[in-house]
Amino acid sequence: MAASTRTTGRTELSSRYDPTGLEGPLYEGWVEAGLFHVPAADARRPYVIVIPPPNVTSVLHMGHGLNNTIQDVLIRRRRMQGFDALWIPGTDHAGIATQNVVERQLGEEGLTRFDLGRDAFVARVWDWVREYGDQIITQLRVIGCSCDWERTRFTLDEGLSRAVREVFVRLYEKDLIYRGRYIINWCPRCGTALSNEEAEHRDHQGTLYRIRYPLADAPEEAVEVATTRPETMLGDTGLAVHPDDERYRDLVGREAILPLVGRALPIVADGYVDPAFGSGVVKVTPAHDPNDFEIGQRHGLEPLDVMTDEATMNEAVPEPYRGLDRLEARARVVADLEAQGHLIRVEEHAHSVGRCYRCDTIVEPRLSEQWFVRMKPLAAPALAAYQAGELRFHPARYGKIYQNWMENIRDWVISRQLWWGHRIPVWYCRADGCGEVVVSRDDPDACPACGGALERDTDVLDTWFSSWLWPFSTLGWPEETEDLEAFYPTDTLVTAPEILFFWVARMAMAGYEFMGRLPFTDVLLNGTVRDHLGRRMSKSLGNGIDPIEVVELYGADAMRFTLVRGAPLGTDLQLNNEDLEEAFRPGRNFANKMWNAARLALPHLHSEPGLDPEDGAVSRALADRWIRSRLATVGVQVDAAFEEFRLHEAAEACHAFVWGDFCDWYLELAKRRLGEDASGRTEAAATLSLVMRGWLSLLHPIMPFITEAIAGRLPGAEAGTLVTGPWPSFPADWRDEEAEAAIEALREMVGAVRALRAEYRVDPGTPLAIRLGAASDALARALAEEKESALRLAGISSIGPLEDDADTPGAHAVLRSGGELFIPLEGVIDLKRERDRIAEEVRRTSDLLRRTEGKLSNEGFLGGAPAEVVDREREKRDSLLEQRARLEEKLHALRGSP
RNA sequence: GGGCGAAUAGCUCAGCCUGGUUCAGAGCGCCUGCCUUACAAGCAGGAGGUCGGGGGUUCGAAUCCCUCUUCGCCCACCA
């Protein structure tokens, strides 16, 4: 325990919990003891979680903090319960993100990846990964994550790469992977295709341009078309109207002239066109719009790609526009249209625009030859599993979102025009007229058809094409490994809702396709961490909180507790990023409270030689019976909360118990018996030790460090660790209604005295001589044993019998648990004030009584409510009647006094 | 256009699924008094809420249903 100087200037063991230097060594000890490692051979009762692999480029942020804390809490509890709890860690090669990082680095040297060439560039990325790639892994240790580090995987590892390749080949052989020219989302900055999920659509206040296209056979006539992307008109190859649109019936089959270009555009009729939108005439640009592409297919309108990979206008457009960026071209086109009298008008138009999820550049829908996965056949079993209840989402509402996406699933573009990633295992024969395409698990040397030279596809695969295999590729698939046998399927997946489609749904599909069953049964979706203004924490806003900084300031436990308690499943969590102390105060204060409770308890426990905590289970002392009863109750609550993934409730229940019951009352009551020559000292110490071990265990999954540190100092705990349990289960016969009622009555009495003291501003140092009458059995029982503690806690010098003391000025209270309290307060009491106060009590009681009597006189209630509810209501009425009678008596007496 | 979520104390949020416990709880903040030898990162006491509005179901609604308002999120090929 660290020593430091207290604010008062006295030097002693620190009264403030300082986690510095305590957490690291504990963690190292756990790892060295191999407590997180689970060999397949030993796994009898596995419980498995695979980490959502963070990007190898990432540094830990609070979102990771929340997500991984939740996983660690689940894993640690299962481990304590005796499961072979395996948490598989690793990182994702993150194609675009990582390539971007290294390209940026090159940029600072004035180089591009093309200057290096493919092989050198990839080598350079590997260098980067080897140097910085384990940063986030290291950081996960700092926040206490109990992953099996011997199993750390990387999506570009040799083994995982083999899995990727196997999957590609198998799907190709099943005709579930195909190559084709379709409209895809293209990021001109990253220079690659993106999947639908990687294009984020956001509302955008844009402009709608209305343009006239003259008719070929009647140049004085024209039709009006509307577009938000005028530059694409250079690629128009037709116009379309709705087949039932009377206005344009005679146009179908004729041609219009494309302004600025002069090309003749056939006018076709197609059901896609909405006659009510704009003019009801659509320009058809098959190479730059998915709908137009389909219209074009139906009517034989050729696609004309007018852009380069960088989204500048290409050779297919008239000379003045060539080489212009798409936005420059847009301005130029609009200006020229206006100059030539073809621009009818422009108007504001709200629509949504897709942006690259990696660099926020506006994506260009563009015709391109890419590799696709046919998703419908893969989705079917994964969807059925959900509908059959085999896959559960928490919160459940995410299930509907999953279902909706699965039902409307579209094919997945998996090729990326990048260098960093799994290279597509496809070779094309270069021999004239051969056309052989080789898709192979092993690199082929020559064309198997003609023996000609082969050229490998230059593209790599979407990063998620390796992620979706994660639950089994990390276990050695496609080899039939012992690990796979022992640990697949996994149990719980904890992740963020943003990647429900990217990752969760695809893993479900891959699990079925390649392993024949779901990869996990429960999916927890954790919320988003936001700043105090409710904004998402992000690098660009600079409003993030560094978990490592928080750990350095307040400890990992404080951070974990704050996160778990503050974030009920699926709800967002707001943290003040400008005041870390405020943000993490709840956890820090709680850790401090525990620390100080230990400071009080431990010396007493160690002054009892040979103390056996198990003796605490049989102590008959009232306070001991009470705290055991409370602990047993809390144990059940915490267990139930964990089972249903309500982690915040478990945290809350522990907090309320440790602070409100254990520290506030049990320790205070125990002080009397822990005195040097007190009788029952051994029993008290044993109970204290036993109960502490109990709640330290309950809290260990959430706050592993401080609980372990304290538990390690309990008597008889030298050899043990909380990490491996056991998870506590308290005997049902610890529940003790009598003891609970007694201590509850004691608390009420002490509270009443304290309230009256505060009400009349009696100095805390002034002892009061109180009088007590008609005490309930519960209170009498409590006082018989704990009178001394009650005196100390309430600041009472004596408890005398209640007499007819109407003449004595003082304060009165009627206890709910039964009993009447009088505090003579000569010279202090204000009679009028006391009368008012009691009158107010009478009013309050009468209000309650009125409600209760209202119910009891309502036949509907008597007939409709369950008997026990009615009984409870009757008891309540009787008690209230009694209380009110007493209070009115007092009021009467006070009115009669001077 | 479709779907979902949220609205409870000054702030951040529990409670709602499975309606009924002595006037709806916590943390933080606020007020008053205390360094009472585990803890001032604390202790004691206290103020503060017509549970977003309206309607309905019920003997009884923060809780179930409908509706409105305001925020937020997701999906979608409206040129």
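Within every chain, numbering begins at 1; the chains are lettered A, B, ... in the order of the sequence lines, protein sequences first and strands thereafter.
In this structure, A:D557 contributes its side chain and A:I706 its backbone to a donor-acceptor pair below 3.5 Å. With hydrogens and angles ignored, the 3.5 Å screen pairs a side-chain donor or acceptor of A:E748 with a backbone N or O of A:R816. Side chain of A:N596 to backbone of A:S15: a donor-acceptor contact under 3.5 angstrom is found.
Considering only residues two or more places apart in sequence or on other chains, A:Y666 meets the ring-ring contact (aromatic ring centres under 6.0 Å, His included) condition with A:F662. Residues satisfying the side chain to side chain donor-acceptor pair (under 3.5 Å) test with A:E200, not counting sequence neighbours, are none. For A:F645, the ring-ring contact (aromatic ring centres under 6.0 Å, His included) criterion is met by A:H394, not counting sequence neighbours. Under the rule for a side chain to side chain donor-acceptor pair (under 3.5 Å), the partners of A:R792 that lie at least two apart in sequence or sit in another chain are A:E668. With sequence neighbours excluded, no residue satisfies ring-ring contact (aromatic ring centres under 6.0 Å, His included) with A:Y272. Evaluation of the ring-ring contact (aromatic ring centres under 6.0 Å, His included) rule for A:Y209 yields no partner, not counting sequence neighbours.
The side chain of A:T571 approaches B:rA14 more closely than any other nucleotide in the set B:rC23, B:rA14, B:rA79. Closest to the A:V869 side chain, of the nucleotides B:rA79, B:rG20, B:rA38, is B:rG20.
The distance between atom CG of A:N596 and atom P of B:rC39, rounded to the nearest whole Å, is 6 Å. Taking atom CG of residue A:L848 and atom C1' of nucleotide B:rA24, one finds them 13 Å apart after rounding to whole Å. Between the P atom of B:rA44 and the CG atom of A:L768 lies a distance of 17 Å, rounded to the nearest Å. Between A:R877 atom CZ and B:rU21 atom P there is a gap of 17 Å when expressed in whole angstrom units. The nearest whole Å value for the distance from the CZ atom in A:R345 to the C1' atom in B:rA79 is 14 Å. A straight line from OH of A:Y398 to C1' of B:rA6 spans 12 Å, rounded to a whole angstrom. Between the CG atom of A:D664 and the C1' atom of B:rA38 there is a distance of 12 Å, given to the nearest Å. In this structure, the CZ atom of A:F662 is 17 Å from the C1' atom of B:rG42, given to the nearest Å.
In this structure, A:F501 has its ring center at least 6.0 angstrom away from the ring center of A:Y402.
Residue A:S15 places at least one side-chain N or O under 4.0 Å from the OP1 or OP2 atom of B:rA40.
Nucleotides B:rC66 and B:rU57 have their C1' atoms positioned 10 Å apart, rounded to a whole Å. Taking the P atoms as reference points, B:rG45 lies 32 Å from B:rU63, given to the whole Å. On the P atoms, B:rC16 is 26 Å away from B:rG55, given to the nearest whole Å. Separation of the C1' atoms belonging to B:rU50 and B:rU8 is 12 Å when rounded to the nearest angstrom. Comparing B:rG56 with B:rC31, their C1' atoms sit 43 Å apart, to the nearest whole Å. Of the C1' atoms belonging to B:rA76 and B:rC4, the separation is 15 Å, rounded to the nearest Å. One C1' atom belongs to B:rU58, the other to B:rG19, and the distance between them is 9 Å to the nearest Å. The C1' atoms of B:rA6 and B:rA62 are separated by 15 Å, rounded to the nearest whole Å.
Rounded to the nearest 0.5 Å, atoms CZ (A:R410) and CG (A:N408) are 8.5 Å apart.
When only modelled atom types and interatomic distance are considered, A:D411 and A:Y182 share no side-chain donor-acceptor pair under 3.5 Å. Counting only N and O atoms by type, the side chains of A:H242 and A:D270 include no donor and acceptor under 3.5 Å apart. No side-chain N or O of A:S857 forms a donor-acceptor pair with one of A:K855 less than 3.5 Å apart.
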Test salt bridge (Lys or Arg N to Asp or Glu O under 4.0 Å) on A:K671 and A:E788 and set out the steps. CA-CA 11 Å; A:K671 279 176 181 172; A:E788 199 184 318; over 6 Å; no
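Checked against A:K283 for a salt bridge (Lys or Arg N to Asp or Glu O under 4.0 Å), the options A:D236, A:D289, A:D292 give a single hit: A:D236.
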Using a 4.0 Å heavy-atom cut-off, write out nucleotides 72-78 of chain B from 5' to 3' as B (base contacted by protein), S (sugar-phosphate only) or - (no contact). ---SSBS
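Within the 4.0 angstrom heavy-atom criterion, only backbone atoms of the sugar-phosphate kind lie near A:R397; the bases stay farther away. Contacts of A:T845 with the nucleic acid, taken as non-hydrogen atoms under 4.0 Å apart, are absent. Within 4.0 Å of A:E875, counting heavy atoms only, lies no atom of the nucleic acid at all.
Closest-nucleotide positions on RNA chain B for A:E759 and A:P568 were compared, and the one nearer the 5' end corresponds to A:P568. When each of A:W665 and A:N592 is assigned the nucleotide of RNA chain B with its nearest heavy atom, A:N592 is the one assigned upstream, toward the 5' end.
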Between the protein and nucleotides 59-66 of chain B, list the N/O to N/O atom pairs that are separated by less than 3.5 angstrom.
{"from": "B:rC59", "atom 1": "O2'", "to": "A:N858", "atom 2": "ND2", "distance (Å)": "2.3"}

N/O-N/O pairs, protein side and nucleotides 25-33 of chain B side, under 3.5 Å:
{"from": "B:rA26", "atom 1": "O2'", "to": "A:R565", "atom 2": "NH2", "distance (Å)": "2.8"}
{"from": "B:rA26", "atom 1": "O2'", "to": "A:E652", "atom 2": "OE2", "distance (Å)": "3.4"}
{"from": "B:rC28", "atom 1": "O3'", "to": "A:R585", "atom 2": "NH1", "distance (Å)": "3.2"}
{"from": "B:rG29", "atom 1": "OP1", "to": "A:R585", "atom 2": "NH1", "distance (Å)": "2.9"}

Check: protein-nucleotides 7-12 of chain B nitrogen or oxygen pairs below 3.5 Å:
none

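Looking at A:K593, its side chain comes within 3.5 Å of the base of B:rC39 through a donor and an acceptor atom.
Sorted by first then second residue, the salt bridge (charged side-chain N to carboxylate O under 4.0 Å, His left out) pairs that include residues 755-767 of chain A, not counting sequence neighbours, are A:E759-A:R833.
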Starting at the 5' end of RNA chain B, what dot-bracket string do you get if Watson-Crick and G-U pairs under 3.5 Å are bracketed, crossing pairs use [ ], other-strand pairs use | and unpaired bases use dots? (((((((..((((......[....)))).(((((.......))))).....(((((..]....))))))))))))....
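Ring-plane geometry between A:F502 and A:Y357 is classed as parallel, the angle between the planes falling under 30 degrees on a 0 to 90 degree scale with a further cut at 60.
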